[in-house]
Amino acid sequence: MNIPASKNPRVVIVGGGFAGISMVKQLANKPVQVVLIDKHNYHTFQPLLYQVSSSGLEPDSIAYPLRKIIKKQKNTFFRLAEVNNINHEARVVQTSIGEIAYDYLVIATGTKTNFFGNKAIESNSMPMKTVPQALNIRSLILQNFEKAAITNDKEAREALLNFVIVGGGPTGVELAGAIAELKNNILPRDYHDLNASDMQIHLLEGSARVLPPMSKQASEKSEKFLKALGVKVHCNTFVKDYDGLKVTTNTDLKLESETVIWAAGVTGSPVSGLQEGTVVERANRYLVNQYNQVQGYDTIFALGDIALMKTEAYPKGHPQVAQPAIQQGKLLGKNILKLIEGKPMKKFEYHDKGSMATIGRNKAVVDLKAYKFGGFFAWFVWMFVHLMSLVGFRNRVIVFFNWTYNYINFDKAARLIIRPFHKSK
């Protein structure tokens with residue numbers, strides 16, 4: 001990999017997500033050599049992927065070059081590669097561009113979309129975990145509008161304008177609200193030859209309420225906001241099959257749709273090579289102790305979504321969101337230095353800063369420990385937190401400008417089919 005020799009211990013970090021970046025920053029210009037490996041050359045701010053999908057933002061607003069993050073870190077190197085295997089006995093990581101030895105290995109590979117073994121749904125629905133996938137959804141939505149404008153077949157038009165979002169968690173709720181705003185604000189102006197009332201948005205959630213991880217109050221407010229936007233919410237409903245046109249559920253509900261967006265769950269994305277039992281089967285996450293060490297290893301660690309740390313407060317592991325990943329990465333950076341110096345490491349304790357979701361213009365819900373609220377102020381808090389969490393000053397400025405423009409003009413400026421999406425047959 002052409003990494004220079006160093007007298008300092010080498011820390012190899014696999015994954016440039018929230019956890020990996022948090023740790024890289026913590027080890028900036030410290031007495032270690034850091035090698036960051038990722039299959040993309042950018043960090044993705046995943047909480048705003050849905051805005052790329054719904055034409056609210058361009059992808060470069062939520063993506064940031066990894067090399068730019070580390071440009072002032074003389075002890076840090078980046079390599080664009082896919083990690084294929086870990087040889088834990090030789091302490092070597094095998095990648096698509098060669099092998100690299102490590103003294104300490106940190107796995108921060110995050111998650112991938114969980115289709116629960118249903119191959120038909122996997123083949124025909126649209127996942128939204130990466131920037132390319134978000135762009136695929138954007139292209140498909142706009143292409144469907146164009147096709148609907150020229151078809152005389154009523155049933156075909158309905159299927160093109162029928163959008164089904166599976167999964168009523170924060171991603172599904174936020175995406176449903178954003179697509180509803182397309183229907184209410186963009187369709188009547190850009191496609192005045194279409195009847196906006198023909199466009200239907202269905203949100204399917206398998207549990208009894210939307211936003212199941214949040215408070216009941218947040219769920220009720222969110223559902224109320226969604227229905228006000230015209231979204232049809234179906235709880236206690238899960239998809240059994242989707243053949244590319246027909247959606248079959250566990251209830252009498254049957255839908256015909258050209259666009260099914262899958263936001264119903266994630267599963268871990270572990271790397272092969274570690275001994276059996278290190279990955280918890282159902283969650284597909286590495287079992288770690290409170291120092292983030294993978295079970296059975298002293299020098300291999302896992303962070304963020306891929307790490308399952310069982311504690312009294314979180315017997316099923318921490319929530320797979322940004323904050324645990326950021327906090328774990330920051331602490332592990334400090335603990336690695338302590339480990340090298342022979343000092344005792346500090347146990348990880350998660351500080352829950354709350355959760356939030358937005359359902360569109362002036363509508364959001366926020367759950368804090370002491371307060372739970374929704375509406376305009378919650379929407380303002382959501383915007384501020386997400387704006388400040390973006391990596392890079394330029395991205396913050398661009399996103400702020402876009403949001404201001406969209407708010408004043410009831411517009412989504414990124415309605416571009418740059419790369420047409422073609423469904424596989």
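On a predicted model such as this, the values are computed, not experimentally measured, just so you know. We're numbering straight along the sequence, starting at 1.
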*Asks:* Just by modelled atom types, is the Ile359 backbone N or O under 3.5 Å from a matching donor or acceptor in the Glu174 side chain?
*Replies:*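 No; judged by distance alone, with no hydrogens or angles, the pair does not exist.
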*Asks:* Given Asp38 and His43, is the side chain to side chain contact (heavy atoms under 4.5 Å, CB included) satisfied, shown in steps?
*Replies:* CA-CA 9 Å; Asp38 198 289; His43 164 79; over 6 Å; no
*Asks:* Are the side chains of Tyr286 and Leu274 in contact, using a 4.5 Å heavy-atom criterion?
*Replies:*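 Counting from C-beta outward, Leu274 and Tyr286 do come under 4.5 Å.
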*Asks:* Using ring centroids (six-membered ring only for Trp), state whether Phe400 and Trp403 fall under 6.0 Å.
*Replies:*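 When the ring centroids of Trp403 and Phe400 are compared, they turn out to be at least 6.0 Å apart.
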*Asks:* Looking only at heavy atoms, what is the nearest atom pair of Asn292 and Ala307, with distance?
*Replies:*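 Closest approach of Asn292 to Ala307, heavy atoms only: ND2-CB, 4.1 Å.
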*Asks:* If we only count heavy atoms from C-beta on, is the Ile69 to Ile21 side-chain gap below 4.5 Å?
*Replies:*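 Yes, side chains in contact.
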*Asks:* For the pair Ile300 and His88, evaluate side chain to side chain contact (heavy atoms under 4.5 Å, CB included) and give the outcome as yes or no after the intermediate values.
*Replies:* CA-CA 9 Å; Ile300 301 179; His88 61 94; 4.1 Å; yes
*Asks:* Where the side chain of Asp411 meets the backbone of Asn406, is there a donor-acceptor pair that is under 3.5 Å apart?
*Replies:*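 Not at all, since once roles are kept as given, no pair shorter than 3.5 Å links the two residues.
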*Asks:* To the closest 0.5 Å, what do you measure between OG1 (Thr267) and CZ (Phe115)?
*Replies:*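 Reported to 0.5 Å precision, the distance equals 11.5 Å.
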*Asks:* Okay, side chain of Gln323, backbone of Gln320: is any donor-acceptor separation there less than 3.5 Å?
*Replies:*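 A pair under 3.5 Å: no.
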*Asks:* Can you tell me how far NZ of Lys330 sits from CD of Gln328, rounded to the nearest 0.5 angstrom?
*Replies:*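 Here the rounded value is 14.0 Å.
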*Asks:* Hey, what's the ring geometry for Trp379 with Phe376, parallel, tilted or perpendicular (30° and 60° as the breaks)?
*Replies:*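 Answer is tilted, since the angle falls between 30° and 60°.
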*Asks:* A side-chain contact here means heavy atoms from C-beta on lying under 4.5 Å apart; do Met23 and Leu303 qualify?
*Replies:*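 They are in contact (side-chain heavy atoms under 4.5 Å apart), so the answer is yes.
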*Asks:* Given Ile100, which of Leu105, Val83, Val35, Val92 fulfils the side chain to side chain contact (heavy atoms under 4.5 Å, CB included) condition?
*Replies:*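 Answer after filtering Leu105, Val83, Val35, Val92: Val35.
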*Asks:* Going by heavy atoms in the side chains, are Ile261 and Val166 under 4.5 Å from each other?
*Replies:*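 Not touching, per the 4.5 Å side-chain cut-off.
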*Asks:* Are any of the side-chain nitrogens in Glu205 or Arg209 under 4.0 Å away from the carboxylate oxygens of its partner?
*Replies:*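 No salt bridge links Glu205 with Arg209.
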*Asks:* Any cation-pi pair here, Arg361 with Tyr407, using under 6.0 Å and within 45°?
*Replies:*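 Satisfied, under 6.0 Å and within 45°.
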*Asks:* Scan side-chain atoms only and decide if Thr151 and Asp153 contain a donor-acceptor pair under the 3.5 Å cut-off.
*Replies:*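 On atom types as modelled, these side chains do not qualify, holding no pair under 3.5 Å.
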*Asks:* Between Arg394 and Asp60, does any side-chain N to carboxylate O distance fall below 4.0 Å?
*Replies:*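 Yes, Arg394 and Asp60 are salt-bridged.
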*Asks:* Once you round to the nearest 0.5 Å, how far does CD of Glu181 lie from CD1 of Ile186?
*Replies:*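 Glu181 CD to Ile186 CD1: 9.0 Å, rounded to 0.5 Å.
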*Asks:* Is any side-chain heavy atom of Ile3 closer than 4.5 Å to one of Gln33?
*Replies:*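 Counting from C-beta outward, Gln33 and Ile3 do come under 4.5 Å.
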*Asks:* With a 3.5 Å distance limit and no angle check, can you tell me whether Gln217 reaches the backbone of Lys372 through a side-chain donor-acceptor pair?
*Replies:*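 Answer holds: yes.
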*Asks:* So Leu203 and His234, do their side chains get closer than 4.5 Å, heavy atoms only?
*Replies:*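 No - every pair of side-chain heavy atoms lies 4.5 Å or more apart.
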*Asks:* Would Asp305 and Arg285 pass as an ion pair if we require N to O under 4.0 Å?
*Replies:*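 Salt bridge flag = no for Arg285 with Asp305.
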*Asks:* Between Asn124 (side chain) and Tyr242 (backbone), is there a donor-acceptor pair under 3.5 Å?
*Replies:*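 Such a contact is found between Asn124 side chain and Tyr242 backbone.
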*Asks:* Quick check: do Asn162 and Glu258 have side-chain heavy atoms less than 4.5 Å from each other?
*Replies:*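 No, every pair of side-chain atoms sits at 4.5 Å or beyond.
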*Asks:* Identify whether the distance between the nearest side-chain nitrogen and carboxylate oxygen of Lys224 and Glu220 falls below 4.0 Å.
*Replies:*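 Salt bridge: no.
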*Asks:* For residues Phe377 and Trp382, establish whether the separation of their ring centroids is below 6.0 Å.
*Replies:*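 Ring centroids of Phe377 and Trp382 are no less than 6.0 Å from each other.
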*Asks:* Measuring from atom CZ of Phe163 to atom CG of Leu175, what distance do you get when rounded to the nearest 0.5 angstrom?
*Replies:*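 If I round to the nearest 0.5 Å, the distance is 10.5 Å.
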*Asks:* Looking at Tyr64 versus Tyr42, is the centre-to-centre ring distance below 6.0 Å?
*Replies:*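 For Tyr64 and Tyr42, the ring centres are not under 6.0 Å apart.
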*Asks:* Stepwise, does the side chain to side chain contact (heavy atoms under 4.5 Å, CB included) test hold for Gln133 with Met126?
*Replies:* CA-CA 8 Å; Gln133 289 172 351; Met126 305 289 290; over 6 Å; no
*Asks:* Just by distance, with hydrogens left out, do Ser61 and Asn395 show a side-chain donor and acceptor under 3.5 Å apart?
*Replies:*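 Checked: Ser61/Asn395 side chains show no N/O donor-acceptor pair below 3.5 Å.
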*Asks:* Could you measure the distance from the CG atom of Asn236 to the OG1 atom of Thr249? Nearest 0.5 Å is fine.
*Replies:*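 Interatomic distance, Asn236 CG to Thr249 OG1, rounded to 0.5 Å: 11.5 Å.
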*Asks:* For the backbone of Asn84 and the side chain of Ser272, can you confirm whether one donor and one acceptor N or O come within less than 3.5 Å of each other?
*Replies:*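 Answer holds: yes.
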*Asks:* Closer than 3.5 angstrom, by distance alone: can the side chain of Arg138 be matched with the main-chain N or O of Ala134 as a donor-acceptor pair?
*Replies:*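 The answer is no, because no donor-acceptor pair under 3.5 Å joins these two groups.
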*Asks:* Would Asn284 and Asn114 count as a side chain to side chain contact (heavy atoms under 4.5 Å, CB included) if you check the C-alpha gap in whole Å, the side-chain angles of each, and the deciding distance to 0.1 Å?
*Replies:* CA-CA 10 Å; Asn284 225 19; Asn114 189 359; over 6 Å; no
*Asks:* Measure from the side-chain N and O atoms of Ser55 to the backbone N and O of Gln51, and report whether any donor-acceptor pair falls under 3.5 Å.
*Replies:*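 Judged by distance alone, no pair lies under 3.5 Å.
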*Asks:* Would you tabulate the side-chain donor-acceptor contacts of residues 73-81 under 3.5 Å, counting partners in other chains and residues two or more places apart, or write 'none'?
*Replies:*
unit_1 : atom_1 : unit_2 : atom_2 : d
Gln73  : NE2    : Val24  : O      : 3.2
Gln73  : NE2    : Thr76  : OG1    : 2.9
Asn75  : OD1    : Asn29  : N      : 2.9
Asn75  : ND2    : Leu27  : O      : 2.9
Asn75  : ND2    : Lys30  : O      : 3.3
Asn75  : ND2    : Val32  : O      : 3.0
Arg79  : NE     : Met1   : O      : 2.8
Arg79  : NH2    : Met1   : O      : 3.2
Arg79  : NH2    : Asn2   : O      : 3.2

*Asks:* Check whether the side chains of Lys129 and Thr111 place a donor and an acceptor atom closer than 3.5 Å, and report yes or no.
*Replies:*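 Yes.
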*Asks:* Side-chain contact test, heavy atoms from C-beta onward, threshold under 4.5 Å: evaluate it for Glu223 versus Lys227 and give yes or no.
*Replies:*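 Touching, per the 4.5 Å side-chain cut-off.
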*Asks:* Is it the case that Arg157 and Asn152 place a side-chain donor and acceptor less than 3.5 Å from each other?
*Replies:*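 The criterion, which ignores hydrogens and geometry beyond distance, is not satisfied for Asn152 and Arg157.
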*Asks:* Donor-acceptor pair, Lys25 side chain versus Gly20 backbone, under 3.5 Å?
*Replies:*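 Such a contact is absent between Lys25 side chain and Gly20 backbone.
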*Asks:* Is there any ring-ring contact (aromatic ring centres under 6.0 Å, His included) pair reaching into residues 302-336, and which pairs are they, with sequence neighbours excluded?
*Replies:*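 Matches after skipping sequence neighbours: Tyr314-His318, Tyr314-Tyr350, His318-Phe348, His318-Tyr350.
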*Asks:* Rounded to the nearest 0.5 Å, what separation is found between the CD atom of Glu99 and the CG atom of Asn85?
*Replies:*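 Here the interatomic distance stands at 9.5 Å.
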*Asks:* Are Phe18 and Phe45, when compared by the centres of their aromatic rings, separated by less than 6.0 Å?
*Replies:*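 Between Phe18 and Phe45, the centre distance is under 6.0 Å.
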*Asks:* Going by distance alone, is a donor N or O of one side chain under 3.5 Å from an acceptor N or O of the other, for Ser257 and Thr259?
*Replies:*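 On atom types as modelled, these side chains do not qualify, holding no pair under 3.5 Å.
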*Asks:* Can you tell me if Thr404 uses its side chain to pair, donor with acceptor, with the backbone of Asn402 under 3.5 Å?
*Replies:*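 Pair absent, no side-chain N/O of Thr404 close to backbone of Asn402.
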*Asks:* Is it the case that atom CZ in Arg282 sees more than 12 heavy atoms from other parts of the structure closer than 6.0 Å?
*Replies:*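 No, because the 6.0 Å sphere around CZ of Arg282 holds 12 heavy atoms or fewer from other groups.
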